[in-house]
Amino acid sequence: MSVYQATASAPVNIACIKYWGKRDTKLILPTNSSLSVTLDQDHLRSTTTARADPSFQKDRLWLNGTEDEIKDGGRLATCIKEMKALRKQLEDKDASLPKISSYSVHISSRNNFPTAAGLASSASGFAALVASLAALYKLPTSQSDLSRIARQGSGSACRSLFGGFVAWQMGELPDGSDSLAVEIAPREHWPDIHALICVVNDEKKGTSSTAGMQRTVETSPLLQHRIKHVVPARMAAISAAIRTRDFDAFARITMQDSNQFHAVALDTEPPIFYMNDVSRAIIALIVEYNRVAVEKTGKLKAAYTYDAGPNAVIYTPKEHIKEIVELIVKYFPQAENFKDPFGLFGAAGVQGKVVD
Ligand code: DP6
């Protein structure tokens, strides 16, 4: 008897130009394009195994060992349905293929980091889900095509199907067929950039991204300005900065966009606060660090960015990591458990309470 099973893993990505707002909540079509860096170390990944078997009664999913409901018409069900449809197309073309698209699937997914703590677990989770089903079904589909399906699981997931520097093009078509991820540059193009993750708080966040961004779309006038007049120019400028490996421009735009994302969260009614005092203290530290650097060399050395939670991600060229880690430990003495801070995109976890 044949066993139809495949495992795939996908990393977290951290946006430099933030996705915040949907123009279509069912298809997950964004109100603006976004751009991220996919972290390529082992610390922040989802690993997913998918199995198809004629004895399975229904599709089932386990997340970190606990079964999660697959709601009819929900995001998970949509992704599984779309992947089965792609397999079915293959089977219709080639009669020699086993008809596994008609079998139910069992899916088991694990994150090696706290789920839903603003560390983009849905991004790596849905990317790994789609990648594992693509491997199970032996689909010849391109990563961009798969990204359209992962997008319907969680918007930011579409970017985790690529490594390196990735743009999610918002697209224009109402069916979402042009809303997909493309690679701006592979990781090897700019291996010098690293990400330092400071886990300020690894508890589940207060307002989910999905609910928060919908409220922003409904109530924030600043969001309208952002999507029309700010993001298009920033997408072009940061893509150029990546292509020319211009860290100064990359850092400036990344920090501006993080600031504006948190400004639109504040401009939402009722306001949403994702950063806390520790987050703001880390910003102050990086601002001061950069001020001294600019005075000496005219160039920025680090960029902070924050997603829908208090944890800081600091992008910096490799040569500065040691200095930044030392600074954080000096000003946040409780910072501990640094994990592999010098590896490629090393995730240095400043675990737990950084300050009281
Ligand atoms: C702040 O992709 O989690 O991290 O599409 O509703 O699942 P849904 O939202 P999600 O939002 C991510 C928001 C962000 C910015 C970003 O990653 O671009």
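Nothing here was measured: the structure is a model prediction, and the numbers come from that model. As the structure lists them, so they are numbered: ligands from 1, and atoms in each ligand from 1.
The distance from the CD1 atom of I286 to the OH atom of Y315 is 13.5 Å, given to the nearest 0.5 Å.
A side-chain N or O of T7 and one of T49 form a donor-acceptor pair less than 3.5 Å apart. Side-chain N/O atoms of R159 and N13 include a donor and acceptor closer than 3.5 Å. For the residue pair Y304 and N259, a side-chain donor N or O sits within less than 3.5 Å of a side-chain acceptor on the partner. Counted by atom type alone, T210 and K22 present zero donor-acceptor pairs between their side chains at under 3.5 Å.
The closest non-hydrogen atom to atom 17 (O) of ligand 1, taken over R159, K18, M213, comes from R159.
For the ligand labelled ligand 1, residue W168 lies outside the 4.0 Å heavy-atom shell. Heavy atoms of K22 come nearer than 4.0 angstrom to ligand 1 in at least one pair.
In this structure, I282 and I314 have side chains that are in contact, with non-hydrogen atoms separated by less than 4.5 Å. Contact check for S279 versus P310: side-chain heavy atoms found under the 4.5 Å cut-off.
Taking every non-hydrogen atom of S122 and a distance limit under 4.0 Å, the qualifying atoms of ligand 1 come out as 3 (O). Numbered from 1 in the order shown, with element, the atoms of ligand 1 that lie under 4.0 Å from a heavy atom of R75 read 6 (O), 7 (O), 8 (P). Taking a cut-off of under 4.0 Å to the non-hydrogen atoms of I28, the atoms of ligand 1 that pass are 5 (O). Counting the atoms of ligand 1 from 1 in the order shown, those under 4.0 Å from a heavy atom of A15 are 16 (C), 17 (O), 18 (O). Using a 4.0 Å cut-off to heavy atoms of F261, the atoms of ligand 1 that qualify are 1 (C).
Considering backbone and side-chain N/O atoms, S154 comes within less than 3.5 Å of an N/O atom of ligand 1. Any N or O atom pair closer than 3.5 Å counts here, and T210 shares at least one such pair with ligand 1. Geometrically, ligand 1 and Y19 share a nitrogen or oxygen pair separated by less than 3.5 Å. On a distance-only criterion, G153 and ligand 1 share no N/O pair closer than 3.5 Å.
Counting heavy atoms under 4.0 Å from ligand 1, residue S156 touches it through both backbone and side chain.
Of the candidates K18, R252, R234, R234 is the only one forming a salt bridge (charged side-chain N to carboxylate O under 4.0 Å, His left out) with D257.
Taking the six-membered ring for Trp and thresholds of 30 and 60 degrees, F250 and F165 have ring planes more than 60 degrees apart, a perpendicular arrangement.
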